[in-house]
Amino acid sequence: DKTYGLETLKSKRRKELRRALRRCTVERIPIDSLLRDAIPHIENTLRRQGRIFTEGIVKEWDHYFRCASENPLFEGWAVFVGTELAAYTINFIFQGGVYGDALFSRDDLLKHQVMHALVFVYTEEAMRRPEITHVSYGIRAPFGDRESLNRFKESVGYKRLPIRERIEANPKIKPLL
């Protein structure tokens, strides 16, 4: 929606977002500038979500950041509370769309509604670009879809669009399912 902005959100959300934007600063940043601070945010997010965090994961994400920083189809956005990096996202731009690819945050700064501020600002900025026609925060998870995440997406103006999907299992493991 090319008209995306504060006025397109519900009144309560606008008020909350204005408060968040007074506490936070959101800016587009070079991805390579995240390399120094990225890993603690990744660890924090994965542990909060009950996911595994190992040295192997550190190496994979380090490789991801280095590759994304060299690819012009990726862009980084960060939100700060004061001078503290609170959260960041790496987005992928392709065929008129901006797709959230990686999003990480710090638990202790979530109370400032940093995610709302981050997602709102990068979405608003993306929709101002003439070449961008849509922004996606991602499709629902095939397993373990969390209603709280869907509510968050809708609170910042995203809309659920129906999609048709099919998951196929390898024929060798079908009998085990």
Side-chain angles (χ1 to χ4, degrees), residues 1-6 8-9 13-14 16-49 51 53-139 149 152-158:
D1 182 359
K2 286 297 205 182
T3 63
Y4 182 84
L6 275 174
T8 64
L9 302 178
R13 297 298 174 206
R14 281 196 305 268
E16 292 171 353
L17 195 51
R18 283 187 185 105
R19 188 177 324 123
L21 292 171
R22 283 192 298 269
R23 296 181 201 150
C24 307
T25 305
V26 179
E27 58 190 61
R28 188 169 170 188
I29 61 169
I31 295 170
D32 58 0
S33 71
L34 287 171
L35 282 171
R36 182 186 69 243
D37 299 319
I39 300 305
H41 289 68
I42 294 170
E43 179 178 12
N44 191 277
T45 300
L46 294 180
R47 291 195 193 284
R48 181 175 64 249
Q49 295 172 346
R51 294 165 47 193
F53 181 80
T54 63
E55 279 303 311
I57 288 173
V58 170
K59 289 178 184 171
E60 289 174 23
W61 279 109
D62 183 67
H63 180 72
Y64 168 89
F65 277 88
R66 291 182 193 287
C67 291
S69 70
E70 297 170 4
N71 187 325
L73 297 177
F74 286 84
E75 65 181 22
W77 286 85
V79 58
F80 298 88
V81 175
T83 59
E84 296 287 321
L85 176 62
Y88 60 87
T89 184
I90 308 297
N91 297 332
F92 177 69
I93 302 156
F94 184 69
Q95 293 186 344
V98 175
Y99 303 90
D101 196 45
L103 184 73
F104 298 101
S105 59
R106 278 179 39 187
D107 281 353
D108 61 323
L109 297 174
L110 289 176
K111 64 187 173 196
H112 299 289
Q113 296 177 305
V114 295
M115 301 305 291
H116 290 80
L118 177 62
V119 172
F120 173 78
V121 171
Y122 83 67
T123 301
E124 184 179 48
E125 291 296 320
M127 292 310 295
R128 288 181 179 167
R129 297 184 218 165
E131 72 277 14
I132 301 300
T133 60
H134 60 280
V135 179
S136 174
Y137 196 96
I139 61 171
L149 178 58
F152 167 75
K153 292 176 185 182
E154 290 170 353
S155 78
V156 290
Y158 282 65

Task: Polar side-chain atom of T123 near backbone of V119 as donor-acceptor pair, under 3.5 Å - done: yes
Task: Set of residues satisfying ring-ring contact (aromatic ring centres under 6.0 Å, His included) with respect to F53, sequence neighbours excluded - done: none
Open item on the list: Just to verify, what does E124 make a salt bridge (charged side-chain N to carboxylate O under 4.0 Å, His left out) with, not counting sequence neighbours?
Closed with: R128
Open item on the list: Go through it in stages, so that I can follow the logic: the residues are I132 and I93, the test is side-chain contact (heavy atoms from CB on, under 4.5 Å), and I'd like the CA-CA distance, side-chain angles, deciding distance and then a yes or no.
Closed with: CA-CA 9 Å; I132 301 300; I93 302 156; 3.9 Å; yes
TODO: Please determine if E16 and R13 form a salt bridge, counting it only when a charged side-chain N lies under 4.0 Å from a carboxylate O.
DONE: yes
Open item on the list: E43: which residues meet the side chain to side chain donor-acceptor pair (under 3.5 Å) condition with it, sequence neighbours left out?
Closed with: R47
- [ ] Would you please classify the geometry between the F104 ring and the W61 ring as parallel, tilted or perpendicular, with 30° and 60° separating the classes?
- [x] perpendicular
Open item on the list: Would you compute the distance between atom CD1 of I42 and atom CG of N44 and round it to the nearest 0.5 angstrom?
Closed with: 11.0 Å
TODO: Indicate yes or no for a side-chain donor-acceptor contact from K2 to the backbone of T133 under 3.5 Å, with no hydrogens or angles considered.
DONE: no
TODO: Would you please name every residue forming a ring-ring contact (aromatic ring centres under 6.0 Å, His included) with F74, sequence neighbours left out?
DONE: F92
If you look only at distance, which donor and acceptor atoms sit under 3.5 Å apart when one is on a side chain in residues 63-71 and the other is two or more places apart or in another chain?
unit_1 : atom_1 : unit_2 : atom_2 : d
Y64    : OH     : D101   : OD2    : 2.6
R66    : NE     : D62    : OD2    : 3.0
R66    : NH2    : D62    : OD1    : 3.4
S69    : OG     : F65    : O      : 3.3
S69    : OG     : R66    : O      : 2.8
N71    : OD1    : L73    : N      : 2.8

- [ ] Drop me the distance from I39's CD1 to K59's NZ, to the nearest 0.5 angstrom.
- [x] 12.0 Å
Task: Atom of A126, atom of V135 and distance for their closest heavy-atom approach - done: CB-CG2, 3.8 Å
Open item on the list: If the condition is side chain to side chain donor-acceptor pair (under 3.5 Å), which residues does T3 pass it with, not counting sequence neighbours?
Closed with: D1
Task: Pairwise side chain to side chain donor-acceptor pair (under 3.5 Å) hits with a residue in residues 82-100, at least two apart - done: E84-R106, T89-N91, Y99-H134
Which atom pairs, donor and acceptor, lie under 3.5 Å between side-chain atoms of residues 21-33 and protein residues at least two apart or in another chain?
unit_1 : atom_1 : unit_2 : atom_2 : d
R28    : NH2    : E75    : OE1    : 3.2
S33    : OG     : P30    : O      : 2.6

- [ ] Give the intermediate values and the outcome of side-chain contact (heavy atoms from CB on, under 4.5 Å) for residues V121 and V79.
- [x] CA-CA 9 Å; V121 171; V79 58; over 6 Å; no
- [ ] Indicate the atoms forming the closest heavy-atom contact of T45 with L103, along with that distance.
- [x] CG2-O, 4.3 Å
TODO: Would you indicate whether E55, at its atom CD, is surrounded by more than 12 heavy atoms from other residues, nucleotides or ligands within a distance under 6.0 Å?
DONE: no
Open item on the list: If I compare all heavy atoms of A86 with all of V81, which pair ends up nearest, and what's the gap?
Closed with: CB-CG2, 4.1 Å
- [ ] Name all residues meeting the salt bridge (charged side-chain N to carboxylate O under 4.0 Å, His left out) criterion together with D107; count only those two or more places apart in sequence or in a different chain, and write none if there are none.
- [x] R48
